[in-house]
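Here is the structure we will look at.
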Amino acid sequence: MSTPTPWVTNRYPPTRRSDHVDVYKSESKGEVRVADPYEWLEHNTPETDAWTTAQDEIRKNTDYAKFSSPTLKDDNRWYWYYNTGLQAQSVIYRSKDDRLPDFSKGDGLGGEIFFDPNLLSDDGTAALAATAFSRSGKYFAYGISRSGSDFYTVYIRPTSAPLASVNGQKVSHDDGRLHDEIRFVKFSAISWTHDSKGFFYQRFPERESHGAAEEDKAGTETQSDKDAMLYYHRVGTSQTEDILVHKDPKNPEWMWGADVTEVDGRYLILSISRDTSRKNLLWIADLEQQTIRPDLKWDKLIDEFDSRYDYIANNSTSFYFLSNKNAPQYKLVSVDISHPPEQRVFKDVLPEDKEAHLEDVLAVNGDHFAVVYKRNVKDEIYVYNFAGERLTRLASDFVGAATLSGRRAHAWFFSTLTGFTTPGIVARYDFREKDEEKRWSIYRKTLVKGLHPDDFVADQVWYDSKDGTRVPMFVVRHKDTKFDGSAPAIQYGYGGFTISVNPFFSPSILTFLQRYGAVLAVPNIRGGGEFGEEWHLAGTKERKVNCFNDFIAASEFLVKEKYAARGKIAINGGSNGGLLVAACVNRAPEGLLGAAVAEVGVLDLLKFADFTIGRAWVSDYGDPHEPHDFDFIYPISPLHNVPTDRVLPPTILLTADHDDRVVPLHSFKHAATLQHTLPNNSHPLLIRIDKKAGHGAGKSTEKRIKEAADKWGFVVQSLGLTSREA
């Protein structure tokens, strides 16, 4: 391996520094004045755009077919997503009748194109953000997001009018769809009533800056997302006629999730959240006893932000919920709402398992549950009946992540299995099969070109963090890679918001491991949901520093145990994981890390709550505008704690101009601060700004390939790596 070339300084574009100062209240210090010379980068102005343009002047192993599990819709056709390999967006296919395609018997693509999102734009930057079929099977409602924005516009199309090219000729999106156009929708599902006359959705107030629906303007603003409203849209009418079902001016930051009960369609379930904590209110409205109107009569089953309740199923008035009430690992409970509130008793159906996190419960086959438990970051699939009796375990040899799909009315369900060396297996469980051993079968396998997943090995190890907490970590390598202390490593992490980092398949990372003799390390640090709510809370607010300590301890373990070489570890993470990377760059011992890639990171912890949906994150980070919280936030904010007493490793920040989740100003300001504070750092401190892209959802295949090539190319150059194939 060659020695990295020293970075030539003074190559950064000039960045204006203003005299802007913000004032915060500290519990211990009173008034604190914090300079923010790059405050002007918070605003979408020509000056900001010029700055981003000045800064931002693997294909083979990604080119393989990808597909989802199929679902039988109420028009008696099977639907699934399919991508031939390099298509910008995956396409929705459907069967020609009610027969499930059998790809093992030469069914080819298995059907016809129903909806091709690649026809929505010439550059692949328009994507499906939400979809829902009506219960009659007559209508398909879908949301279109442009350039990665979290905002989307909902349209309706009869299932008899596919959006597909005709004889190779591109067709207009307007062809065949209804005139309905529902705008300013964000963080919302589309929930049809059972009469198929309309659906519930959440929207925000109108924003003139968005322009027309087909314009590419949504996603560039930074204003706070407030005053969400729950509406009901009736098919064939204008959005101006939609019924306002619920809003709460006294709580402008609350949001509304609506769900109509699956089997009977009788009840509207309203889940109310005020932030990203795992706590919600849960109200129920009986749609048989009242018309849809603004003053619905609600049964406020859960009316305090005490715990989490997620609707799973109901038998008439008996409801089943997934909950963490007195159960940090979660449990399944039932309650009969026909009783008066004071007589209602929540009963355990699946009691909490102290050793495993109850990840998912799906009602199937009338009176059964398909269940996923996460035990030591490895998913286990089970089948239970409604009485809570475990009937069987499935795929007991599988190590990885499992997702479930199916409907209660159907006598089968599918599970998609993914792992570090498993690109994707769609399996099926069929209750109709009399031989129980034949009920579980492999429906379809992903085949990867240019890579042989069996050539790689994934192991789980455990290490001690700074405070002695035991933390698990997956280590993935090519079979030919030796553990002699010389290997480079990619270390990926997240650590927040109860989000588990499950085993995942990445052709670009496996290509990197194979070509450069590297290892992939994935520590499941505190803040995530791998071990339930207590593990999550151990990485929040005053305890957020535990996430950084866990991640740095993982790097030190890799070196100590000779999995990787000191100074050859490249750390990577996105969003909250971008915060993790930037904080660890500031805090890690000098020379431990060889490179850092922080993607769409939350880097200004004093202002994150002021932009778009950031206010919802105070449950994890604390509120910088509260004096008590300010005192533990300020010392860990990456933007405000760039060290000057050490050389930082090569660092690149990745962001996008339409990211309205973690607005790009975080990365803009941090890049400017790094380059100003450390102009003579012997390693580069760079930023990559993607245009016409957002936080990540809906990003085209081509953009993903380019992004992967850029970030891993940066790592190769930073670590001075030489290909083993050269």
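Since the model is a prediction, treat every value here as computed from it, not as a measurement.
Checking R615, R207, R203 one by one against D225, the salt bridge (Lys or Arg N to Asp or Glu O under 4.0 Å) holds for a single residue, R207.
No more than 12 heavy atoms of other residues, nucleotides or ligands lie within 6.0 Å of NZ in K197, so this atom counts as exposed by the packing criterion. Heavy atoms of other residues, nucleotides or ligands lying less than 6.0 angstrom from NZ of K347 number 12 at most.
Minimum interatomic distance between V171 and V166 (heavy atoms only, all atoms of both residues): CG1-CG2, 3.8 Å. What you find for L120 and A126 is that their closest heavy atoms are CB-CB, 3.7 Å.
H536 and D620 are linked by a side-chain donor-acceptor pair at a separation below 3.5 angstrom, with hydrogens and angles left out of the test. A donor-acceptor contact under 3.5 angstrom links the side chains of Y330 and N324, judged on distance only. For the residue pair S68/Y82, the side-chain donor-acceptor check at 3.5 Å is not satisfied. Between the side chains of D264 and N314, at least one donor N or O lies within less than 3.5 Å of an accepting N or O. Side-chain atoms of H695 and S575 include a donor-acceptor pair closer than 3.5 Å. For the residue pair H194 and R135, a side-chain donor N or O sits within less than 3.5 Å of a side-chain acceptor on the partner. Between the side chains of H368 and N385, no donor N or O sits under 3.5 Å from an acceptor N or O. Under the 3.5 Å distance criterion, with hydrogens and angles disregarded, a donor-acceptor pair is assigned to the side chains of H210 and E221. Side chains of Y267 and D299: a donor-acceptor N/O pair is absent below 3.5 angstrom, by distance only. When only modelled atom types and interatomic distance are considered, N502 and S500 share no side-chain donor-acceptor pair under 3.5 Å. Side-chain atoms of S405 and S69 include a donor-acceptor pair closer than 3.5 Å. Looking at S149 and S147, their side chains never bring a donor and an acceptor atom within 3.5 Å of each other.
F140 does not carry R157 over the face of its six-membered ring by the limits of under 6.0 Å from the centre and within 45° of the normal. Cation-pi geometry between R94 and W78 is not met at under 6.0 angstrom from the ring centre and within 45 degrees of the axis.
Ion pair D150/R661 flagged as a salt bridge, since at least one NZ, NE, NH1 or NH2 atom sits closer than 4.0 Å to an Asp/Glu carboxylate oxygen.
Side-chain rings of F184 and F151 stay apart, their centers remaining 6.0 Å or farther from each other. When ring centroids are compared, Y81 and Y93 stay outside the 6.0 Å threshold.
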Assess the residue pair F321 and L301 against the criterion (side chain to side chain contact (heavy atoms under 4.5 Å, CB included)); give the C-alpha distance rounded to whole Å, side-chain angles, the decisive distance to 0.1 Å, and a yes or no. CA-CA 12 Å; F321 298 102; L301 179 64; 3.7 Å; yes
Chi angles and distances behind the side-chain hydrogen bond (donor to acceptor under 3.5 Å, both in side chains) call for T276, S619: CA-CA 6 Å; T276 54; S619 56; 3.0 Å; yes
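Classified by interplanar angle (parallel below 30°, tilted 30° to 60°, perpendicular above 60°), the ring pair W617/Y621 is perpendicular. Between H173 and F115, the ring-plane angle classifies as perpendicular under the 30° and 60° cut-offs. Note: F413 and F431 have tilted aromatic rings, judged against thresholds of 30 and 60 degrees for the angle between ring planes.
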